[in-house]
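Below is one structure; the comments refer to it alone.
For the single chain, residues carry numbers from 1 onward in sequence order.
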Amino acid sequence: MCGIVGIVSKEPVNQSLYDALIVLQHRGQDAAGIMTIENNMFNLRKANGLVRDVFHTRHMKRLTGNIGIGHCRYPTAGSSSSAEAQPFYVNSPYGIAFAHNGNLTNSHALQQDVFRIARRHINTTSDSEILLNIFAHELQNTAALKIKPDDIFKAVSKLHKKVSGAYAVVAAIIGHGLVAFRDPNGIRPLVLGKRQTENGDEFMVASESVALDTVGFKFVRDVAPGEAVYVTEEGKLFTKQCAKKPACHPCIFEFVYFARPDSSIDGISVYASRVNMGRRLGEKIKAEWHDKKIDVVIPIPETSMDVALQIATTLALPYRQGFVKNRYIGRTFIMPGQKMRRKSVRRKLNAIASEFKGKNVLLVDDSIVRGTTCEQIIEMARESGAKKVYFASAAPEIRFPNVYGIDMPSAVELIAYGREIDQIKDCIKADGLIFQDLDALVSAVSEENKNITTFETSVFDGKYITGDVDQHYLERIDKARGEASKKIPRKQAELTNLEMYNLDSE
C-alpha cells in the first residue's frame, strides 16, 4: 500500500505535493519522494523515512517547477532499501518519472520479458520499476517525437494486456505532461481533481480524495478502472478507457482499515461505510450474544472508533475511550519479528484503568491479522481490572495473504488460518470473540454505492480477482518474503520500525 499524487499547475507544485503526501502518510511510512519538472529537467528528492523527515527546506527549494509527482512508500514487493524509494525514472523515451501503488502478480514473467524483448535492465527488486519500463517500452513503440494523447492511450492499452495485479499509477513525461491510470479491476484507488484559476485549469490525481481537499482542488470523479488520464503541460485534459473489459472491484480492506475516514473511494464514503459496519456487527452481537452481560464498548484506536460507536448505539450501551494511543509507533503487523511486535503494542497503547475496573468490556478492532496486538490488548484490559473481556472484529477472519499491495504475512502466520473461532478466541485469551460476516461487510460498504457489488475480498475468502493466483504462487512469494527478511540487517530493521508512525490508522 502506497500513496501517490500528481499535479499540473500554473505555479510551483512542491508545497502542494508535500502537503498531499502528509495527508497520505497513513498509506506508507517507509519512504517518500517528490519529482518536479522545470526547464526540461527533472528535480528529485527521495529517501527512507516519513515525509516530514525526508523533505527539508533545502530540498524543497530545489524542487522547482509547475508539474510534479509524489509518493509515500509502504514496502510490499521489494525491500526496505532506499533504492526502492519512488518516484523511479527512465531517460528513454523522452524521460519519464513514475510512481505506483499496488502490486503485480506476474512480475517475475514481466521482468524476463522486459529484458528479453525490450532490452531493459531492472535495477531493484521493485515491481514498480518493472511497470515503469513496460510503460516506457510501449510508449517508445507507439510515439513519435511529439506525443499525442492517442500515443499515451495506446501504450496504456498494451500495458493492460500484459500486466496482472493491482496498480494505480502517476507519471510525469519531460516536455509533455502528466499521465495517470488504474488497473482494469480498479483494485487500488485513484481520484481526479480540478482547480480553476485566472491563468487556466489545473489538475491533480491522488490515491484518496482527502489529498485534493487539503491542497484546494475540487473532486471531479474517481479515475475509472482501466482508464488513463493525460494532462498536457498547458493544462489540457484527455481521458480514455484503455481496457477491453473493465470492472470495478475495489479492495474492501481500504474501507476496513487503510483509507482515511474523510476520504471517498469509488463513490463510497469511508466513514459512512465504517458506520454501516458497526451497525451490522452490532445487530449480530445483539442476536448471538443476548446471554452475555456487557457493560461498556471500547474501541482499539483509531480505525475502529467509528465502528465501535455505532455498535454501542445499536446495543444501547455506553461508549468509552479506554486506550490512549501513542501516534509515533508504526503498524505492528508489518514489523519483522514477533518480539519487536509485542514490545511495540505496549509502546503504542496505554489503558485508562478506571474505564475497565470491575466491568465486562467489549473491545472492538477493525480486524485481526496475526493476533499479537489483540492478545496483548486483552491482557492490558485484564491488568486494568476488567472482569470479562469480549472482542469484536469489524472484518471477517483473515485466512489468506494479500497479493495486491498489502504486506500481510504468509497464511501460516495468520491467526485465523486453519482455526475455528473458538480456537482463535483461546489463542487471544478472550472471554468471547465475534467476527463480522463477509456478506455483511460487503453489504455495509456497497450500501453507499449500489453500483458496486463485488469487491476484492481475497484475504477473507481466498478468491483472487485477477484469476492468476494459485497455491504455487503463494508458496513462491512466501519464500521470497522469507529470503528478503533475512537480508535486512537487525539494526536497519529496528530503525525502520521505530521511525514509522501512522497519523490516522492503527
Side-chain angles (χ1 to χ4, degrees), residues 1 76 102-106 164-166 183-189 225 247-259 265-266 268 270 273-274 276-278 280-281 283-284 288 303-304 307 333 365-371 374 391-425 427 433-478 481:
M1 192 70 63
T76 51
N103 195 56
L104 308 185
T105 52
N106 63 338
S164 181
D183 72 79
N185 288 302
I187 298 173
R188 292 285 153 244
C248 197
H249 305 298
C251 174
I252 206 161
F253 221 71
E254 290 275 1
F255 302 94
V256 171
Y257 182 81
F258 269 103
I265 297 174
D266 291 313
I268 298 171
V270 176
S273 70
R274 290 176 183 166
N276 296 340
M277 292 175 208
R280 289 174 182 272
L281 186 53
E283 290 167 352
K284 182 178 180 181
E288 296 185 9
T303 321
S304 63
V307 175
F333 77 77
D365 206 354
D366 49 69
S367 58
I368 302 176
V369 184
R370 283 188 174 98
C374 56
F391 204 96
S393 169
E397 306 94 307
I398 296 173
R399 300 186 184 277
F400 304 91
N402 184 282
V403 300
Y404 298 124
I406 303 174
D407 193 25
M408 284 186 176
S410 61
V412 294
E413 294 181 76
L414 299 169
I415 194 170
Y417 178 74
R419 292 188 177 99
E420 298 301 322
I421 292 178
D422 283 344
Q423 293 173 306
I424 303 170
K425 176 187 69 113
C427 286
L433 174 63
I434 194 165
F435 288 92
Q436 184 90 268
D437 295 327
L438 182 55
D439 288 347
L441 175 61
V442 170
S443 296
V445 182
S446 63
E447 187 175 332
E448 298 304 310
N449 183 353
K450 301 294 187 182
N451 293 322
I452 302 178
T453 57
T454 305
F455 294 82
E456 201 294 301
T457 58
S458 58
V459 295
F460 306 121
D461 58 14
K463 297 176 182 177
Y464 295 94
I465 206 77
T466 52
D468 59 344
V469 177
D470 55 18
Q471 188 58 37
H472 175 72
Y473 177 88
L474 296 175
E475 289 172 358
R476 182 164 58 83
I477 63 171
D478 280 353
R481 282 170 171 166

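Closest approach of A411 and R399 over heavy atoms only: CB-O, 4.1 Å. Residues S367 and A395 approach most closely at CB-CB, 4.0 Å, considering heavy atoms. Counting all heavy atoms, side chain and backbone alike, N103 lies closest to G405 at CB-N, 3.4 Å. Shortest non-hydrogen contact noted between A166 and Y404 is CB-O, 3.5 Å. The minimum heavy-atom distance between A392 and L281, with the atom names listed, is CB-CD2, 4.1 Å. For the pair L104 and Y473, the tightest heavy-atom approach, listed with the atom from each and the gap, is O-OH, 3.8 Å.
Classification of the F255-F455 ring pair by plane angle, with boundaries at 30° and 60°, yields perpendicular.
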Fill in: Test log, rule salt bridge (charged side-chain N to carboxylate O under 4.0 Å, His left out), inputs E420 and K425
CA-CA 9 Å; E420 298 301 322; K425 176 187 69 113; over 6 Å; no

Discussion item. Using side-chain hydrogen bond (donor to acceptor under 3.5 Å, both in side chains), reason through D365 and S393 one step at a time and then give a plain yes or no.
Written reply: CA-CA 5 Å; D365 206 354; S393 169; over 6 Å; no

Practice prompt. Apply side-chain hydrogen bond (donor to acceptor under 3.5 Å, both in side chains) to N185 and E456, showing your working.
Written response: CA-CA 9 Å; N185 288 302; E456 201 294 301; over 6 Å; no

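By the 4.0 Å N-to-carboxylate-O rule, K284 lies close enough to D437 to be salt-bridged with it.
Within 6.0 Å of OH in Y417 there are 12 or fewer heavy atoms belonging to other residues, nucleotides or ligands.
Side-chain contact, D468 with T105: a donor N or O sits under 3.5 Å from an acceptor N or O.
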